[in-house]
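Comments concern the structure below.
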Amino acid sequence: MPYRVPFVNPREHYRRIKSEVDFAITDTLTKGDLVLRQQLCDFESHLAEFVGVKYAVGVNSCYHALYFSLLAAGVGPGDEVITVGHTFVATVSAIVHTGAKPVLVDVRDDYNMDPNMFEAAVTASTKAVIPVHLNGRVCGMDRIIAFAKERRIAVIEDAAQALGATFQNKGAGSFGLAGCFSFYPFKSLGGLGDGGAVTTDDPEVARLVTLMRFNGEDRQTGEFQYHGQTALLDNVQAAVLDVKLGHLPDWIEHRRMTAGLYRKGLERIEGLRLPHFEDDRHFDSYQNYVIRTECRDELRQHLREQGVETLVHWAKPMWEHKGLGLENPGLPETERICREVISLPMSAETTHDDVDTTVSCVRDFFTSRTLSLHTAAGR
Ligand SMILES: *Cc1c(COP(=O)(O)O)cnc(C)c1O
């Protein structure tokens with residue numbers, strides 16, 4: 001049975017911008033511009049401008065953006081890289097593949113890195129830190145940057161979920177040595193398949209990533225300077241992403257408006273926490289709208305029965321996936337979050353009606369739960 005309220009709506013997304021997207025694809029194919037052409041250069045310069053940095057280099061995923069940025073920071077075997085336990089596995093896989101040791105720390109109640117935990121985890125071997133701007137909210141970068149600078153630790157931002165979000169009016173991906181973005185189809189700026197980018201003000205980082213993404217070859221001289229990889233952002237993708245980047249500010253506004261509607265509808269329900277954190281230095285882009293309750297699994301089941309699609313990011317801590325070979329770092333907040341979070345439908349296509357339906361289903365759930373608890377207590 002199809003959902004009454006889908007989590008995202010890729011068909012509607014395409015329908016709304018079909019003529020522009022179709023033109024970009026046809027134009028690129030007609031010109032035969034498949035690899036490393038003008039469309040990629042244009043997108044990279046527009047992206048750099050949007051983020052507020054000098055350079056953007058397109059690669060084929062955020063995973064590769066992270067991996068190449070770590071290599072550019074000189075990270076390798078014997079080093080430690082600090083990041084959070086509450087993130088997508090790719091953040092940690094990128095560290096592991098450099099040969100360095102991932103050191104996982106806990107998050108605060110806004111789901112982002114706790115600066116105290118970061119500072120406490122630093123050792124003489126710490127080479128880099130990867131703050132993850134989760135759900136479209138930038139980490140408290142003032143403290144992280146200041147401490148990292150003092151200790152000469154490279155800051156690489158995992159900004160996969162935060163393109164367009166800001167902290168103190170500075171864009172996600174513009175704070176550290178490098179910013180890493182994903183254009184996976186369901187990110188705020190989603191492509192036709194996998195895609196990503198590194199943003200930086202450092203010409204050496206930009207140069208190294210440019211070499212690494214295409215077999216280590218210096219395209220001017222034909223010299224192979226490294227054993228690189230094959231990880232380009234495809235030219236057709238770049239042409240489509242460039243079209244979509246023009247719409248992104250409106251899409252973010254829509255997400256923020258949708259978050260406001262959820263807030264109005266769901267405020268003051270006992271046992272339910274909403275993702276609104278009072279600190280006006282942040283401008284959140286709401287990649288996800290994550291709510292939190294101890295009866296998450298029951299709520300999710302209820303919403304499923306009512307035709308509302310939700311997701312859980314993520315249902316168990318990374319270290320419980322035995323195949324990853326990670327030690328249990330003992331992070332109580334991350335563990336609680338895994339049990340309690342649920343993401344409600346949220347995209348540039350989420351309608352007012354979608355929110356109303358979702359809100360009333362959530363309200364019904366908590367009302368009938370309160371009633372049955374009272375009945376049980378009255379016996
Ligand atoms: C999506 C995501 C990634 C990985 O992005 P890919 O482009 O799929 O490699 C990394 N980190 C976070 C926080 C993400 O949400």
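Every number for a ligand or one of its atoms is a count from 1 in the order of the listing.
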Are Met318 and Val129 linked, directly or through intermediate hydrophobic residues, by side-chain heavy-atom contacts shorter than 4.5 Å (ILVMFWY only)? yes
Mutual orientation of the aromatic rings belonging to Phe118 and Phe147 [parallel < 30°, tilted 30-60°, perpendicular > 60°]: perpendicular
Taking the inter-plane angle between the rings of Phe68 and His64 on a 0 to 90° scale, is it parallel (under 30°), tilted (30 to 60°) or perpendicular (over 60°)? tilted
Tyr286 vs His276 aromatic rings, parallel, tilted or perpendicular, using cut-offs 30° and 60°? tilted
Should the ring pair Phe167 and Phe175 be called parallel, tilted or perpendicular, given that the plane angle runs from 0 to 90° and is split at 30 and 60? tilted
For ligand 1, give me the residues whose heavy-atom distance to it is below 4.0 Å, by chain and number please. Ser61, Cys62, Tyr63, Thr87, Phe88, Ala90, Thr91, Val132, Asp158, Ala160, Gln161, Ser182, Lys187, Gly195
Aromatic ring pairing His97/Tyr67, orientation class (parallel under 30°, perpendicular over 60°, tilted between): perpendicular
